[in-house]
Amino acid sequence: MSEEFYRMKRLPPYVIAEVNAMRAAARAAGEDIIDLGMGNPDLPPPDHVIAKLVEVAQKPDAHGYSQSKGIPGLRRAQANYYARRFGVDVDPETEVVVTMGSKEGLASLATAITAPGDVVLAPNPSYPIHTFGFIIAGATIRSVPTTPNEDYFRALDKAMAFTVPRPSILVVNYPSNPTAETVELPFYERLVAWAKENKVWILSDLAYSELYYDGNPTPSILQVPGAKDVAIEFTSLSKTYSMAGWRMGFAVGNPKLIAAMTRVKSYLDYGAFTPIQAAACAALNGPQDIVERNRELYHKRRDVLVESFGRAGWDIPPARASMFCWAPLPPALKEMGSLEFSKQLLTQAKVAVAPGVGYGEDGEGFVRIAMVENEQRLRQAARSIRKYLQSMGVNAPPANASKGAA
């Protein structure tokens with residue numbers, strides 16, 4: 001009875017949880033921690049969405065089991081979103097399933113379509129569910145780069161040529177969590193052609209579809225003609241409408257994958273609470289001004305973060321999309337490693353970030369910074385980080401090199 005369970009042995013320690021535990025302990029001790037670690041939106045959902053939740057929750061017949069694939073009106077609303085945003089026609093009956101966030105959706109699909117020994121191609125660094133959802137299902141992961149350049153496609157071809165058994169699934173995630181990298185439609189066109197040639201399913205995680213900056217909208221892989229032959233895509237209301245805790249997401253695309261996922265979900269759950277699904281309809285079908293407001297707000301936070309942290313002595317590339325900045329460790333502290341650096345930022349500067357190594361070994365040397373505090377708190381974090389860096393011998397640039405003080 002002392003032997004560890006099979007799937008537990010396949011899961012390494014969750015590195016990010018170590019920093020999370022330290023943050024929780026510091027807060028329990030009364031310390032003011034500026035939390036830039038978890039991608040947990042600090043903004044409220046739209047008023048009309050909350051009003052719809054309350055309205056439907058007051059109906060006596062709204063409290064029974066729901067359809068595990070999602071109520072028809074919500075699947076239609078998601079199909080309308082794809083038509084409106086991407087110009088993609090989607091059948092709400094056979095090409096859409098509602099998920100409890102994109103994370104649960106990916107895990108359910110992994111359970112549905114992979115067997116022990118199957119090989120899955122996943123980016124490194126990547127959001128943990130992109131690998132561990134398949135590891136839990138018994139599959140083997142082969143890493144490919146996250147950066148979408150020629151090396152990426154060379155890595156795909158190498159994986160197909162030298163991996164036994166041949167990989168059958170590829171996970172992509174743009175805008176990327178954690179790196180915030182983006183792609184244009186020609187990338188997806190090339191990827192779909194590659195997948196068809198190599199008989200590989202593509203699983204696209206588009207959770208940050210609406211958090212793009214500098215006027216450059218993110219594309220959907222389903223915009224590529226024929227993409228639905230090989231691809232399924234996951235989206236979420238979590239960041240777009242500040243509804244993270246509501247756990248509302250979608251899978252859209254290939255009917256065979258949707259059917260497999262729907263069947264597995266029918267064994268595992270009864271679907272989200274009906275009033276939440278009705279409120280999700282209100283989000284997708286109602287006024288969309290919150291989408292632009294949230295995008296502008298995160299854009300401003302990104303600019304404040306890059307500017308104030310830069311004046312503190314830490315140069316951070318501006319993210320092109322998502323709610324994260326992927327920040328290289330200050331060169332003088334690179335040997336410390338991302339986990340120790342994150343711990344020291346927490347204990348010395350009272351700022352929580354996520355260590356890059358928690359997203360895969362290729363994330364070492366970076367930390368992920370979530371833009372989930374207001375501009376004043378970001379500047380406060382910069383002042384604290386400046387003091388910490390100075391204590392470590394990393395000096396900020398001269399005052400005349402920038403305007404004002406951090």
Side-chain angles (χ1 to χ4, degrees), residues 7 10-12 14-17 20 37-41 45 68-70 74 78 96-114 120 122-139 141 146 169-180 201-211 218 220-221 231-253 257-258 260-262 264-273 276-277 280 283 321-324 354 358-360 363 368 370 372:
R7 283 186 172 80
R10 301 199 77 214
L11 293 176
Y14 193 38
V15 173
I16 299 169
N20 290 346
M38 189 173 179
N40 197 10
S68 63
K69 68 185 292 186
L74 184 52
Q78 176 68 352
V96 180
V97 62
V98 178
T99 66
M100 294 181 186
S102 54
K103 191 173 182 179
E104 177 272 325
L106 280 156
S108 290
L109 185 59
T111 301
I113 67 173
T114 52
V120 175
N124 188 347
S126 72
Y127 189 57
I129 196 64
H130 296 152
T131 54
F132 293 120
F134 293 96
I135 289 172
I136 291 170
I141 300 297
T146 301
I169 295 168
L170 168 67
V171 181
V172 295
N173 172 215
Y174 300 104
S176 167
N177 179 5
T179 72
W201 295 114
I202 301 176
L203 280 51
S204 169
D205 184 352
L206 190 60
Y208 298 92
S209 59
E210 301 307 325
L211 290 185
T218 55
S220 161
I221 194 170
I232 189 172
E233 189 160 69
F234 294 87
T235 58
S236 167
L237 304 189
S238 294
K239 312 311 189 291
T240 304
Y241 300 97
S242 302
M243 294 169 64
W246 298 52
R247 308 315 301 134
M248 274 283 98
F250 304 89
V252 175
L257 295 179
I258 293 292
M261 186 174 165
T262 301
V264 164
K265 281 177 62 63
S266 72
Y267 284 92
L268 297 178
D269 67 65
Y270 283 109
F273 186 38
I276 292 180
Q277 295 196 56
S322 85
M323 63 192 301
F324 307 111
Y359 301 94
R368 193 194 72 174
V372 292

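These numbers come from the heavy atoms of this one structure, side chains and all, not from hydrogens, waters or symmetry mates.
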Q. Listed by chain and number, what are the ring pair (Phe, Tyr, Trp, His ring centres under 6.0 Å) partners of Phe134, not counting sequence neighbours?
A. none
Q. Taking only residues two or more places apart in sequence, or in another chain, which ones meet Tyr208 in a ring pair (Phe, Tyr, Trp, His ring centres under 6.0 Å)?
A. Phe324
Q) How would you list, by chain and number, every residue that makes a side chain to side chain donor-acceptor pair (under 3.5 Å) with Thr179, sequence neighbours excluded? A) Ser176, Glu181
Q) Can any side-chain N or O of Ser236 pair as donor or acceptor with the backbone N or O of Gly101 at less than 3.5 Å? A) no
Q. Judged by atom type as modelled, is there a donor-acceptor pair below 3.5 Å linking the side chain of Glu233 to the main-chain atoms of Ile221?
A. yes
Supply the atom-to-atom distance [X] [atom1] to [Y] [atom2], rounded to the nearest 0.5 angstrom.
| X | Y | atom1 | atom2 | value |
| --- | --- | --- | --- | --- |
| Arg368 | Asn177 | CZ | CG | 5.0 Å |
| Leu170 | Trp201 | CG | CH2 | 13.5 Å |
| Met248 | Ser102 | CE | OG | 11.5 Å |
| Gln78 | Thr235 | CD | OG1 | 4.0 Å |
| Leu211 | Lys239 | CG | NZ | 8.5 Å |
| Tyr359 | Thr146 | OH | OG1 | 12.5 Å |

How far apart are the closest heavy atoms of [X] and [Y], and which atoms are they?
| X | Y | value |
| --- | --- | --- |
| Met243 | Pro45 | CG-CB, 3.9 Å |
| Phe250 | Thr99 | N-OG1, 3.3 Å |
| Ser209 | Thr240 | OG-OG1, 4.4 Å |
| Ile169 | Thr114 | CD1-CG2, 3.3 Å |
| Val264 | Ala112 | CG2-CB, 3.4 Å |
| Ser68 | Lys265 | O-CE, 3.3 Å |

Residue pair [X] / [Y], side-chain heavy-atom distance below 4.5 Å:
| X | Y | answer |
| --- | --- | --- |
| Pro175 | Leu206 | yes |
| Lys69 | Met261 | no |
| Ile258 | Ile232 | yes |
| Tyr127 | Pro178 | no |
| Trp246 | Leu237 | no |

Results of side-chain contact (heavy atoms from CB on, under 4.5 Å) for [X] - residues two or more places apart only:
| X | value |
| --- | --- |
| Ala107 | Ile129 |
| Ser126 | Pro123, His130, Thr131 |
| Asn40 | Met38, Ala244 |

